[in-house]
Amino acid sequence: MPTERKYREEIVRYGRMLHERCFVAAMDGNLSVRLNDNHILVTPTCLSKGAMRPADLVIVDGEGHRVSGRRNVTSEIGMHLLIYRMRPDVRAIVHAHPPTATGFAAAGIPLTEPLVCEVVMGLGCIPLARYGTPGTSELAQTLEPYVPHYDAILMSNHGVVTYGDTIEHAYMKMETVEHFAQISLVTHMLGRQQPLKPVDIEKLLLARTRYFGSKIAASMPLPPQSQKVS
Ligand SMILES: [Zn+2]
């Protein structure tokens, strides 16, 4: 089990990678790690994710109240708390605004077409949650129907959230979402999409169960309640 210091260093490292890849601008984005049942290590507000030091991070309790750290906690802490509450398997969360995936989220287009086998294997599909005002409970509510079924969600007119058993895996899912958004954009530019056939998707889902076990949340196709998104 890594120490708290190691988790702090990891958040700083992946925050810098978000910034270097232009997945965030200015003070955007936030990252967190679940330290134990009642403590979450999370990035502060009003600080570039490319310029954080380990001591800048904040520890909050299960209600989002700061228990350690000098800076103020991210205003998106409610989204992190909701995901940790709904998904006991999740240990880390990354939220960012990668430009292509966020473009899809601003165009109202989910990334749900099975176009690339690796994405079907790793994430299933990436649904689009309706818009919620940042920093309010409304934002967390918009994500609620999707959190149990997916490990990556587009947030309308806002950005993307991904999560996993480690901060590395949560970050990698963010890269996969943005890369898949770029590929999807190219298919839109070419004016043509050739989705995988249902029989091939079945085979990928079987292979995924073999690799990751049955616990992976990466639904394909969309569960019924997710199809009502407008
Ligand atoms: Zn945001």
Side-chain angles (χ1 to χ4, degrees), residues 10-34 40-52 56-58 60 64 66 69 71-87 90-111 123 126-147 150-164 167-182 185 229:
E10 285 184 347
I11 287 181
V12 166
R13 178 177 351 128
Y14 288 107
R16 197 181 308 126
M17 286 170 72
L18 286 179
H19 190 258
E20 283 168 356
R21 287 184 161 267
C22 298
F23 286 5
V24 288
M27 322 280 189
D28 298 344
N30 35 75
L31 306 92
S32 72
V33 166
R34 195 202 303 254
I40 293 157
L41 181 65
V42 61
T43 49
T45 188
C46 297
L47 185 63
S48 166
K49 302 306 161 295
M52 295 187 298
D56 291 323
L57 305 184
V58 182
V60 297
R66 184 176 57 182
R71 292 179 175 271
N72 290 326
V73 67
T74 171
S75 57
E76 302 299 7
I77 187 64
M79 169 174 73
H80 292 249
L81 295 176
L82 171 94
I83 294 168
Y84 287 127
R85 252 197 309 272
M86 295 187 80
R87 291 280 302 271
V90 167
R91 310 289 306 180
I93 299 171
V94 174
H95 165 60
H97 307 160
T100 312
T102 303
F104 275 82
I109 305 173
L111 291 166
L123 288 176
I126 304 129
L128 174 68
R130 66 184 163 81
Y131 179 73
T133 308
T136 69
S137 58
E138 185 189 37
L139 178 72
Q141 283 165 20
T142 67
L143 300 174
E144 214 170 325
Y146 304 100
V147 171
Y150 302 96
D151 286 349
I153 305 170
L154 296 186
M155 304 155 71
S156 282
N157 307 93
H158 184 164
V160 182
V161 62
T162 56
Y163 33 92
I167 191 82
E168 181 190 15
H169 289 163
Y171 171 84
M172 293 303 170
K173 287 172 192 176
M174 185 63 73
E175 278 199 356
T176 299
V177 171
E178 177 63 0
H179 194 241
F180 181 49
Q182 289 169 8
L185 178 62
V229 174

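Each ligand, and each atom within it, is numbered from 1 in the order the structure gives. Values below: every heavy atom of this structure, side chains too, minus hydrogens, waters and symmetry copies.
Among the candidates Leu47, Thr43, Leu18, the single residue satisfying the side-chain contact (heavy atoms from CB on, under 4.5 Å) test with Asn30 is Thr43. Partner Tyr171 forms a side-chain hydrogen bond (donor to acceptor under 3.5 Å, both in side chains) with one of Lys173, Glu168, Glu175 and no other, that one being Glu175.
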- Message: Could you walk me through whether Glu10 and Tyr14 satisfy the side-chain hydrogen bond (donor to acceptor under 3.5 Å, both in side chains) test, starting with their C-alpha distance in whole Å, then the side-chain angles of each, then the deciding distance to 0.1 Å, before giving a yes or no?
- Response: CA-CA 6 Å; Glu10 285 184 347; Tyr14 288 107; over 6 Å; no

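With sequence neighbours left out, Arg16 forms a salt bridge (charged side-chain N to carboxylate O under 4.0 Å, His left out) with no residue at all.
Side chains of Asp28 and His97: a donor-acceptor N/O pair is present below 3.5 angstrom, by distance only. Donor-acceptor pairing under 3.5 Å is recorded for the side chains of Tyr84 and Ser32.
For the Zn ion (ligand 1), protein N, O or S atoms closer than 2.8 Å were enumerated as His95 NE2, His97 NE2, His158 NE2, with waters left out.
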